[in-house]
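In what follows, chains carry the letters A, B, and so on, assigned in the order in which the sequence lines appear, proteins first and then strands, with residues in each chain numbered from 1. Hydrogens, waters and symmetry mates are skipped; everything else that's a heavy atom, side chains included, is used.
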Amino acid sequence: MVPAQYYLLLSAAVFCIGLFGVLTRDNALYFLMSVELMLNAANINFVAFSLFWGNLTGQTFALFVIALAAAEVAIGIGIILVLYRNFGSVSVTDAATMRW
Amino acid sequence: MSAVSIVNAAAAAPLQVVLPEWTAIAPVLILALTGLLLLTIDAIWPGRNGNTTFAFVSALGSLAALTVTVWYLVAGTGQVGGSITLFSEAIVVDGMALFFTAIFTSVAALVVVASHDYLAGHENAASYYSLLMFATLGMALMAVSNSLATVFVSLEMASLPSYALVGFLKKNRGSVESSLKYFLIGALSSAVFAFGISLVYAVTGSLLLSEVAAGFDDGVAGFAGVAGIGVLMIAGGFAYKTASVPFHFWAPEAYEGAPAPISAFLSSASKAAGFVVAFRVFSTSFMPLLDATPAIDWALAFAVLAVVTMVLGNFAAATQENVKRMLAYSSIGHAGYALIGLAALTAGGPHNGDVMGAAMAHLLIYGFMNTGAFLFIAMVEYWGVGRTFEDYAGLSTKAPFASLAMAVFMFSLAGLPVFGGFFSKYALFASAVSAGFWWLAAVGAITSALSLYYYSRVVKALWIEQPNGNLDAIDSKPTGLYAAVIFAAVATVLLLPGFPIALETAEAAASALFA
Amino acid sequence: MTTDETGTSNSGSSLVPGLAAVALFVVMAVAIVQSSFGTAVTFPEGESIVAHIGYAMFDLQADMGTIASEGFLAAFLIIAVGLDVAVDGALFLAKREEEGSIVALLTDGGRELLDTAEASTEATTEEASTGTDTPDSTDTTGGSR
Amino acid sequence: MAFEYVPAIVLLPFLSFVIALFAGKYLPKGGALAGIAATAGSLLLSIWAFLTVRSQGAYQETIYTWASGFGEQPWELTFGVLIDPLSAMMLVIVTLIATLVHVFSLGYMNDEGETGLPRYYAGLGLFTASMLGFVVADNLLMAFMFFELVGLCSYLLIGFWFREDGPPSAAKKAFLVTRFGDYFFLIGVVAVFSTFGTAAFVGAESFPVLAEEAVAGDVTVNTFGFDPTTWFTIVGLLVLGGVVGKSAQFPLHTWLPDAMEGPTPVSALIHAATMVAAGVYLVARMYGFYAVSPTALAIIAFIGGFTALFAATMGVVKREIKQVLAYSTISQYGYMMLALGAGGYVAATFHLMTHAFFKALLFLGAGSVIIAMHHNENMWDMGGLKDKMPVTYWTFLAGSLALAGIFPFSGFWSKDEVLYEALIHGLGGSPLLLGAYAMGLLAVPVTAFYTFRMVYLTFHGEPRTDTARNPEPVRWNVKFPLSVLGVLAVVAGLVNMVPVQKVLGLEGIDYLHQWLDQSFDPLTAHHYAEVSPYSSGYIGGEATTVLVGAAVSLGLALAGLLLATYLYNVAEPTEHTAKLGAIKDVLYNNYYQDEFQVWIANRTQSVASVADTFDQGVIDGVVNGVSSVSLFSGSRVRRIQTGVVTNYAALLTLGLTALLLAFGLLGGWFL
């Protein structure tokens with residue numbers, strides 16, 4: 001069996017790639033996709049350690065995380081839609097009028 | 001129901017009514033049913049201008065939930081004879097859950113009553129009230145969550161409707177922008193939170209809070225790094241919900257741009273919801289880590305965050321021109337005070353229950369005074385007077401009672417003696433000192449002294465400065481808003497004599513977690 | 001999605017903030033590499049994982065099956081309502097409202113601070129004032145005052 | 001039973017606050033009559049309570065317990081009243097002066113056609129009520145709460161004329177500076193609770209008693225690892241922070257001169273009986289706690305002595321009559337602190353009482369002059385008012401003689417006792433006290449000098465402006481309070497003629513000593529004397545010391561007075577004659593001004609100017625600096641909120657990474 005650390009390294013890498021996307025892309029949709037990637041990094045851990053510990057808690061919970069990600073996207077798309085109607089773009093840097 | 005009832009008490013006296021065990025989550029069920037009822041009404045009679053109907057149903061629902069919660073609190077449900085667990089221990093009902101459910105439902109009731117005027121002439125009242133009820137439901141679920149799985153799911157359940165509510169004014173750019181920021185930071189934070197949970201699962205193999213604690217009992221040797229990252233990421237998820245540094249960035253914008261009743265709701269109830277899970281998770285699951293070797297000293301991490309949060313929130317608030325944004329920053333500062341409830345915990349410390357109880361009592365009083373302050377802002381927005389301190393000048397000439405209420409809120413938030421806010425801050429700082437964290441109390445005292453400066457600016461504008469001619473727009477008295485503001489003020493004042501009871505309840509509830 | 005080309009947004013912006021993600025990865029990687037786990041338990045042979053996930057989801061894991069798990073019925077019920085809520089919120093947000101026009105911001109945007117800012121911070125001031133002018137907005141920032 | 005009505009003493013002025021606030025505009029005189037009735041009622045009740053203490057002894061009762069059961073030591077947070085000789089005396093003083101200030105306000109505010117009178121009288125009512133609540137408080141926490149309320153009311157009253165530029169900023173400054181001291185006080189209160197588990201002033205379990213027993217080693221309290229005496233010194237100094245702020249002691253005195261922007265009757269109330277007195281009263285109230293700590297006492301004495309001298313020198317150069325009085329207040333409270341620090345509990349209380357009378361008198365007299373001068377406060381525009389307003393003149397003169405410490409006016413007796421205590425305890429082996437004594441002694445001639453400079457410039461000589469030639473007349477409502485206080489300023493010293501007793505050997509005329517000895521056992525004057533770390537030393541015998549001390553201070557006072565007479569008791573005083581236009585007869589020539597006199601004048605003025613510059617520049621600068629640094633850093637802090645959400649994400653990530661790194665290194669996760 002593959003050592004547990006490898007799964008952790010993989011998930012950390014996926015998490016940070018997602019985070020990298022969040023930090024460097026202005027498009028709100030990319031932001032959303034990157035967050036999905038980060039959530040799936042968590043899922044890697046859940047599934048991998050479900051096997052490691054020999055219980056199904058992690059695998060089952062991963063399904064819930066996926067479902068929640070879907071719910072989050074639903075709301076997120078709605079907000080981005082409204083953003084586009086108001087600001088004429090889906091760039092997160094355009095909506096920056098409130099500050100300080 | 002004249003007899004005092006104890007739900008599922010093992011040793012119930014013959015005369016008492018014993019309810020089935022599942023009824024312990026009745027407040028949650030009432031909120032869920034209310035939300036679903038609102039959706040059903042809207043589906044059956046679409047298009048009716050139902051603002052009043054919806055407001056009435058929501059107010060009734062949240063008040064019913066509040067009544068049941070208070071009844072359970074008084075009757076000792078989940079307190080006498082230990083907590084009640086349901087759904088394979090995923091759900092727990094105890095004193096702390098009920099205490100916080102009381103906060104959420106009373107804030108929700110105030111906000112619903114105030115929203116009736118605020119929403120006059122708006123479409124989509126059904127969506128507004130149902131989302132509000134569902135958000136409250138999510139918070140109530142957070143209070144009863146006893147597993148990291150339910151914690152995560154119910155936290156999302158509270159967040160999702162909140163995103164939509166912040167953007168409720170779809171054609172107002174401020175509202176939309178704040179909704180976007182709230183959502184994006186929220187999504188990012190929940191990803192961090194989920195990853196933290198996955199790491200904790202990786203090292204303990206379980207999600208139930210008690211099982212996680214058992215998994216940590218043997219120490220974390222060999223995987224301290226993974227466990228530590230997991231714990232701190234979970235702390236990050238709570239920091240987001242409670243608007244604490246460095247996950248606070250969404251808060252000033254979200255509170256400023258959102259409709260003011262929603263700002264009131266988020267800054268009081270949502271923050272308290274973040275604290276209830278943080279209190280439960282850290283006190284139940286992560287206490288063994290504090291004296292493990294190598295140590296994962298999350299209490300120190302919370303202490304650092306508390307200090308930075310208090311300082312940043314209060315300093316930034318002191319220089320604001322926009323009253324609503326000032327309150328937003330002050331709300332960040334108050335998150336810092338409540339964080340003391342976690343920061344001053346020590347492994348096996350005799351004062352743990354006092355410290356956390358004092359933080360809970362502070363959140364209760366904060367729930368009323370902060371909601372009231374934001375609802376006053378809602379009233380001013382309703383009149384269209386303006387947003388800066390200058391715009392508020394002389395409002396007492398037009399609305400003396402509301403302005404008096406606002407003065408009560410401001411002085412109470414600042415922690416001036418003679419209002420509820422002083423007692424709760426005092427109890428908090430005093431318990432921190434007795435737990436040995438005098439420096440946290442010192443930072444708290446100094447920042448609240450600074451806070452008095454900016455809070456008194458509002459009172460000065462309202463009562464001392466002369467109106468500058470923009471108050472002619474005030475031609476109506478929004479009854480619901482007035483009622484909510486006055487009620488919140490009365491509650492703030494009544495919590496002065498009632499404070500000992502509140503504190504006692506909170507400390508008993510908190511101590512039960514450490515027993 | 002053509003908004004990347006709107007020009008006003010600094011799309012394809014610098015990768016510098018991404019360094020934070022890299023730094024986080026380094027910290028996590030070091031911690032992970034230094035950790036050591038025991039031997040894996042793994043699942044028993046010949047059991048249906050999918051069926052057991054089903055049991056776990058409805059709190060039947062205690063009565064049926066052999067693979068250990070925690071019960072997820074509560075989470076299942078919560079998420080059932082949660083998905084309803086998401087649809088409710090998303091539909092509300094997506095619904096196009098015909099009447100009314102986009103309301104400009106009533107926010108201060110730090111303008112007051114700019115007015116009082118010291119001359120020494122001119123660079124910041126300039127950057128800030130360009131930021132306040134959002135594209136194609138009838139900018140009435142602070143118009144209520 | 002008088003004691004059952006004690007809460008009413010506090011509640012009556014509060015009632016007048018409520019009435020004035022909500023119904024003031026419908027009442028004649030804007031609520032003044034309600035205020036007068038309420039404070040007069042409180043005065044009568046206070047006198048009754050005073051007499052009852054005299055016949056039945058002190059009294060303490062817990063009225064309301066609002067929180068209990070913190071931690072394993074159950075804490076009781078209560079409201080209660082403590083009526084002992086000290087608080088009974090203070091009640092009478094506060095209510096008397098509050099009543100007179102209300103009456104005077106009829107002349108100063110109503111007759112002058114001021115607007116916003118309900119707000120004014122509401123403020124006065126709340127101010128009085130807060131101070132009375134503070135006086136009767138039987139525990140430190142309750143005292144703190146009313147102490148804060150006093151500060152809040154001063155903010156409202158000093159900023160009464162909020163439309164002008166000066167008052168709002170003066171009010172803010174008073175509020176912020178005293179709040180700054182109160183931070184320390186608050187921490188001190190919490191420290192007292194966590195050390196002793198109680199904040200009660202009186203009783204076997206009160207914190208001064210416990211402190212005394214802890215030092216003696218009879219009980220153990222939680223001193224956080226410090227030696228008990230060290231820890232009590234720290235706690236005492238924390239509480240002292242609030243005292244220094246409220247009683248305007250160096251270096252937190254800067255708010256007080258600015259507070260002159262408020263209406264003059266308010267100044268009288270603040271300086272004589274309420275806000276500034278609160279600080280000194282607090283030290284006296286918990287004197288048993290300070291008495292166990294020699295270090296704290298020495299610091300108090302030194303702060304007091306220095307403040308007395310420092311503020312007095314600044315009073316010399318002021319042009320406005322109220323500014324002179326402001327600095328004299330700071331200086332006189334310095335004397336009280338000196339007395340407390342030197343172990344002179346009775347002397348401090350004595351000076352607190354006489355000062356309350358003559359300073360209220362002087363402020364109300366100044367108010368009368370200001371009415372007459374159409375609100376011009378510049379003394380150089382006055383002169384010759386003596387004949388136009390005799391009542392004001394004679395009462396003001398009585399007050400001035402008392403302030404300058406001239407025999408046999410009240411100030412002489414109390415100031416002499418203050419200096420005497422510092423002297424004998426200094427001689428008894430505390431050289432530090434001798435330094436404080438020297439400063440207090442040096443302040444005596446300066447005080448006499450600026451006091452009589454003020455008197456001469458205002459009342460003597462020729463009128464220097466048209467207004468001074470035709471002053472506006474004042475009515476009974478001004479003259480009546482002046483007369484009452486004038487009598488008291490003359491005779492109040494007779495209650496405690498210790499020097500006479502010591503020199504002539506007459507027993508039993510030290511009434512105040514006897515009075516303050518009638519309290520609960522640990523709160524008596526002789527108990528404090530036993531606890532205090534000082535022993536007494538004498539020059540020759542006791543009587544000789546008394547005589548020498550009195551003679552020196554009286555001689556210095558007379559010297560200052562004579563110098564002022566020499567310089568300013570002229571028709572057209574000093575250099576400024578050239579600038580005054582219409583001069584008919586230059587009587588000025590009759591007084592030969594030689595080089596010596598100019599030299600003296602220049603020297604005094606330049607020392608005072610240096611002190612003044614230091615005060616305005618450095619102290620003010622630091623105080624203003626703290627507040628502007630706070631605001632400036634606030635305006636920087638808020639800028640990290642850039643408005644761009646990706647920046648937030650980046651900062652969030654960085655914050656998380658930094659946290660992980662720091663705690664990883666701290667906890668050794670990376671090993």
Using only the distance criterion (under 3.5 Å, no hydrogens considered), which donor-acceptor pairs connect chain A with chain D?
from      : atom 1 : to        : atom 2 : distance (Å)
Trp100(A) : N      : Gln641(D) : O      : 2.8
Trp100(A) : O      : Arg638(D) : NE     : 3.0
Trp100(A) : O      : Arg638(D) : NH2    : 3.3

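- Annotation: side chain of Leu282(D) is in contact with side chain of Phe185(D) (closest heavy-atom distance under 4.5 Å).
- The structure places CG of Asn45(A) at 12.5 Å from CZ of Phe61(A), a figure rounded to the nearest 0.5 Å.
- Residues Pro263(D) and Leu157(D) approach most closely at CD-O, 3.5 Å, considering heavy atoms.
- Val14(A) has its side chain out of reach of Met38(A): every pair of non-hydrogen atoms, C-beta onward, lies at least 4.5 Å apart.
- Using bins of under 30°, 30° to 60° and over 60° for the plane-to-plane angle, the ring pair Phe147(D)/Phe134(D) lands in the tilted bin.
- With contacts defined as side-chain heavy-atom distances shorter than 4.5 Å, the pair Leu141(D)/Val192(D) does not qualify.
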